Amino acid sequence: MLVFESVPSHLFTDHSLACRLERAEAVANARFVEARARVFPDSGAAWIEVAGAYAMYDGARSPCTQTFGLGLFQMPTSGDMDRIESFFKERRAPVFHEVSPLSDKALLPLLNERGYKPVELSNVMFMALRERDPGVAQNESLRVRIARAEERDLWARTAAEGWREFGEIADLMLELMRVSVEREDSASFLVECGGQVIATGSLAIHDGVALFAGASTVLEWRRRGAQRLLFESRCRFALDAGCDLAMVCTEPGSSSQRNAERQGFRVAYTRTKWQLAESEKSL
């Protein structure tokens with residue numbers, strides 16, 4: 001078992017923490033893109049690293065198609081930006097960058113000069129795993145376990161069903177979930193009630209950080225404690241794997257953020273997603 005250096009009881013949101021969190025998400029998305037290339041060899045899925053940033057292509061409409069860590073690990077030059085933009089343009093995809101506020105301050109004027117505009121905000125949240133509140137007693141009728149290899153399609157279908165009301169990429173969800181469950185360095189969890197699978201969750205691990213994702217409950221089975229059970233199970237799994245931090249990304253002010261805060265997560269910082277204006281036509 002890998003063992004990572006434990007963090008102090010009070011964590012400060014600084015450049016070091018941001019690097020750990022951003023790299024954990026970048027690596028998780030790189031593993032996703034690699035899984036896409038294995039499952040769908042004709043997809044053209046690929047990723048590159050430029051100036052410390054990971055640029056991902058997973059299809060023009062995929063939420064994974066963007067960069068992570070731009071300007072955080074190294075300030076990109078104009079040549080670096082040309083290379084990143086060409087990576088997306090050659091694939092007829094829009095150019096998006098997920099930018100941490102702890103990135104180099106010179107990045108913002110560079111993005112402005114190159115014709116980018118802000119299009120989205122997201123909160124990066126984290127929690128020290130050893131200090132989490134164990135919470136209330138669980139619903140004894142629920143059972144959680146890791147999906148077996150032969151249950152990957154079941155996991156994907158259940159996860160997609162739980163996300164069906166989220167409109168703009170609803171038609172992509174089943175395929176996205178089928179790729180997600182094939183990702184390396186991750187675990188996919190199922191919740192059952194009376195033998196019926198009702199909820200899913202996943203986590204990906206890098207450098208002692210467990211990225212929580214894939215939280216989905218079928219509509220008619222909500223408010224029965226499935227997600228709380230998934231949260232506790234993933235915390236235990238992450239601790240057993242030697243992780244000291246958990247992270248999750250949410251929309252600011254959303255129910256997802258409130259749920260994460262109830263579980264002990266706190267906001268590290270709010271990121272801005274930037275889009276190259278001229279690439280909008282690629283959508």
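For clarity, every value in this text was computed on a predicted model and none was experimentally measured. Counting from 1, the numbers follow the sequence of the chain as shown. Scope of the values below: all heavy atoms of this structure, side chains included, with no hydrogens, waters or symmetry mates.
A chain of hydrophobic side-chain contacts below 4.5 Å, direct or via other Ile, Leu, Val, Met, Phe, Trp or Tyr residues, connects Y116 to L70. By the rule that hydrophobic residues join a cluster once side-chain heavy atoms approach within less than 4.5 Å of another member, L154 and V39 end up as members of one cluster. By the rule that hydrophobic residues join a cluster once side-chain heavy atoms approach within less than 4.5 Å of another member, L229 and L239 end up as members of one cluster. Transitive grouping of hydrophobic side chains (ILVMFWY, heavy atoms separated by less than 4.5 Å) brings F189 and F265 into a common cluster. In the hydrophobic clustering of ILVMFWY residues, with side-chain heavy atoms under 4.5 Å counting as a link, V50 and V33 come out apart.
From L245, atom CG reaches atom CG of L17 across 6.5 Å, with rounding to the nearest 0.5 Å. With rounding to the nearest 0.5 angstrom, the CZ atom of R183 is 10.0 Å from the CZ atom of R31. Distance OG/S202 to CE/M177: 7.5 Å, rounded to 0.5 Å. Interatomic distance, CD of E22 versus CZ of F73, reported as 7.0 Å (0.5 Å rounding). Between the SG atom of C193 and the CG atom of L142 there is a distance of 5.0 Å, given to the nearest 0.5 Å. Atom CH2 of W274 is separated from atom OG1 of T67 by 12.5 Å, given to the nearest 0.5 angstrom.
Distance alone, capped at 3.5 Å, places no donor-acceptor pair between the R91 side chain and the A45 backbone. Remark: side-chain polar atoms of T200 are paired, donor with acceptor, to backbone N or O of G214 under 3.5 angstrom. Between the side chain of D104 and the backbone N or O of A106 there is at least one donor-acceptor pair closer than 3.5 Å. A donor-acceptor pair under 3.5 Å links the side-chain atoms of R258 to the main chain of G253, judged by distance alone. A distance-only check finds no donor-acceptor pair linking the side chain of S62 to the backbone of G59 [under 3.5 Å]. The backbone N or O of D58 lies less than 3.5 Å from a partner atom in the side chain of T65, making a donor-acceptor pair. Here the side chain of S216 pairs a donor or acceptor atom with the backbone of A159 at under 3.5 angstrom.
With respect to K89 and D82, no salt bridge is recorded, no charged nitrogen being found less than 4.0 Å from a carboxylate O. The pair D240-R236 does not meet the salt-bridge criterion, since no charged nitrogen lies less than 4.0 angstrom from a carboxylate oxygen.
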V95 and F87: CA distance, side-chain angles, deciding distance, side-chain contact (heavy atoms from CB on, under 4.5 Å) verdict: CA-CA 9 Å; V95 185; F87 173 80; over 6 Å; no
field: side-chain contact (heavy atoms from CB on, under 4.5 Å) assessment of T272 paired with L121
entry: CA-CA 5 Å; T272 304; L121 298 174; 3.5 Å; yes
task: Check step by step if side-chain contact (heavy atoms from CB on, under 4.5 Å) holds for F96 and V119.
output: CA-CA 9 Å; F96 289 111; V119 293; 4.0 Å; yes
message: Between L276 and E85, is the side-chain contact (heavy atoms from CB on, under 4.5 Å) condition met? List the steps.
response: CA-CA 9 Å; L276 185 61; E85 290 168 8; 4.2 Å; yes
message: Show, in sequence, the C-alpha distance, side-chain angles and deciding distance for D80 and T77, and conclude whether the side-chain hydrogen bond (donor to acceptor under 3.5 Å, both in side chains) test is met.
response: CA-CA 5 Å; D80 293 329; T77 65; 3.1 Å; yes
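When all heavy atoms are compared, the tightest approach of W221 to R224 is CZ3-NH1, 3.4 Å. Summarising the geometry of Q74 relative to G52, their closest heavy-atom pair is OE1-N, 4.4 Å, with the distance given to 0.1 Å. Minimum interatomic distance between T217 and A226 (heavy atoms only, all atoms of both residues): OG1-CB, 4.2 Å. Here the shortest heavy-atom pairing between A35 and V179 reads CB-O, 3.7 Å. In plain terms, the two heavy atoms of G71 and L107 that are nearest each other are CA-CD2, 4.1 Å. Contact record, R228 with R262: NH1-O, 4.4 Å, taken as the closest heavy-atom pair.
Side-chain contact between M247 and R20 is absent, with no heavy atoms from C-beta onward closer than 4.5 Å. The side-chain heavy atoms of L176 and P63, taken from C-beta on, include a pair separated by under 4.5 Å. Residues V209 and R23 have side chains not in contact (no heavy-atom distance under 4.5 Å, counting atoms from C-beta outward). In this structure, L190 and W155 have side chains that are in contact, with non-hydrogen atoms separated by less than 4.5 Å. Using a 4.5 Å heavy-atom cutoff, the side chains of V144 and V191 are in contact. R38 is listed as a side-chain neighbour of E184, based on a closest heavy-atom distance under 4.5 Å. Counting heavy atoms from C-beta outward, L111 and H97 have side chains that approach closer than 4.5 Å. Residues F231 and C235 form a side-chain contact, since some pair of their non-hydrogen atoms from C-beta on lies under 4.5 Å apart.
Residues satisfying the salt bridge (charged side-chain N to carboxylate O under 4.0 Å, His left out) test with D185, not counting sequence neighbours, are none. Not counting sequence neighbours, N112 has no partner by the side chain to side chain contact (heavy atoms under 4.5 Å, CB included) test. A search for salt bridge (charged side-chain N to carboxylate O under 4.0 Å, His left out) contacts involving E113 returns nothing, not counting sequence neighbours.
The side-chain tip of R36 does not point at the ring of F32 from less than 6.0 angstrom away and within 45° of straight on.
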